[in-house]
Amino acid sequence: LICFTVRDNGKGMTRQQLNSIWENGYSTRNSNGLGLSFVKKVVTDCGGFIDIESKPDSGTTVTLMMPEGECSNGQ
């Protein structure tokens with residue numbers, strides 16, 4: 001397993017925001033909201049796992065775990 005962890009000390013997210021981040025079209029920045037839903041699809045299609053922990057005013061931690069080897073997503 002290959003593991004990446006990224007932490008920031010930004011404004012963080014509320015529980016409600018965390019519950020919505022994987023939805024197509026969801027954005028807090030007036031963007032198209034496709035980024036995180038796309039990332040989750042690629043990661044899960046490759047047999048990986050992604051987790052996000054966040055607290056308002058405390059930042060966010062993203063953990064991405066991918067199996068070693070080539071991605072086999074049917075292509």
Side-chain angles (χ1 to χ4, degrees):
L1 214 54
I2 299 170
C3 180
F4 299 92
T5 300
V6 178
R7 292 183 182 100
D8 72 22
N9 60 353
K11 66 179 186 173
M13 292 180 272
T14 65
R15 175 67 50 204
Q16 182 179 2
Q17 289 172 315
L18 280 172
N19 289 335
S20 300
I21 60 173
W22 306 118
E23 297 173 13
N24 282 332
Y26 178 79
S27 174
T28 61
R29 296 184 181 190
N30 298 322
S31 71
N32 62 16
L34 297 177
L36 286 176
S37 61
F38 176 76
V39 168
K40 186 170 184 179
K41 178 172 178 17
V42 170
V43 169
T44 56
D45 284 355
C46 290
F49 172 83
I50 188 167
D51 181 58
I52 298 182
E53 296 180 17
S54 188
K55 293 181 183 175
D57 302 317
S58 297
T60 300
T61 301
V62 178
T63 302
L64 180 100
M65 290 178 261
M66 297 292 289
E68 291 186 49
E70 295 184 28
C71 179
S72 175
N73 62 0
Q75 295 181 358

Student: Kindly work out whether a path of hydrophobic side-chain contacts (I/L/V/M/F/W/Y, heavy atoms less than 4.5 Å apart) joins M65 to I21.
Tutor: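 Unlinked, M65 and I21 end up in two clusters.
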Student: Would a hydrophobic clustering, with Ile, Leu, Val, Met, Phe, Trp and Tyr connected at side-chain separations under 4.5 Å, put I2 with I50?
Tutor: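 Looking at the clustering, I50 is in the same group as I2.
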Student: Distance check, rounded to the nearest 0.5 Å: M13 atom CE versus S58 atom OG?
Tutor: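 One gets 12.0 Å once the value is rounded to the nearest 0.5 Å.
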Student: Is there a continuous path of hydrophobic side-chain contacts, each under 4.5 Å between heavy atoms, that joins L34 to V43?
Tutor: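 No: no chain of side-chain contacts under 4.5 Å links L34 to V43.
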Student: Are F49 and I52 grouped together when hydrophobic residues (ILVMFWY) are joined by side-chain heavy atoms under 4.5 angstrom apart?
Tutor: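 Cluster IDs for F49 and I52 differ.
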Student: For the atom pair CZ (R7) and OG (S54), what is the distance rounded to the nearest 0.5 Å?
Tutor: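 The distance works out to 13.0 Å.
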Student: If I take atom CG from residue L36 and atom NZ from residue K41, how far apart are they, to the nearest 0.5 angstrom?
Tutor: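 If I round to the nearest 0.5 Å, the distance is 15.5 Å.
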Student: Return the OG1 to CD distance between T60 and Q17, rounded to the nearest 0.5 Å.
Tutor: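 Going from OG1 on T60 over to CD on Q17, the span is 9.0 Å.
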Student: Has D51 got a side-chain atom pairing as donor or acceptor with T63's backbone, closer than 3.5 angstrom?
Tutor: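 Here the side-chain-to-backbone pair does not exist.
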Student: What's the shortest heavy-atom distance between C46 and P67, and which atoms?
Tutor: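 For C46 versus P67, the nearest heavy atoms are O-CG, 3.2 Å.
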Student: Applying a strict under-4.5 Å side-chain criterion to I, L, V, M, F, W and Y, I'd like to know whether W22 and V62 cluster together.
Tutor: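 Hydrophobic grouping puts W22 with V62.
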Student: Within this structure, what is the OG1-CG distance for the pair T14 and D57, rounded to the nearest 0.5 Å?
Tutor: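 Those atoms lie 11.0 Å apart.
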Student: Do R15 and N19 make a side-chain contact, defined as non-hydrogen atoms from C-beta onward lying under 4.5 Å apart?
Tutor: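 Yes, side chains in contact.
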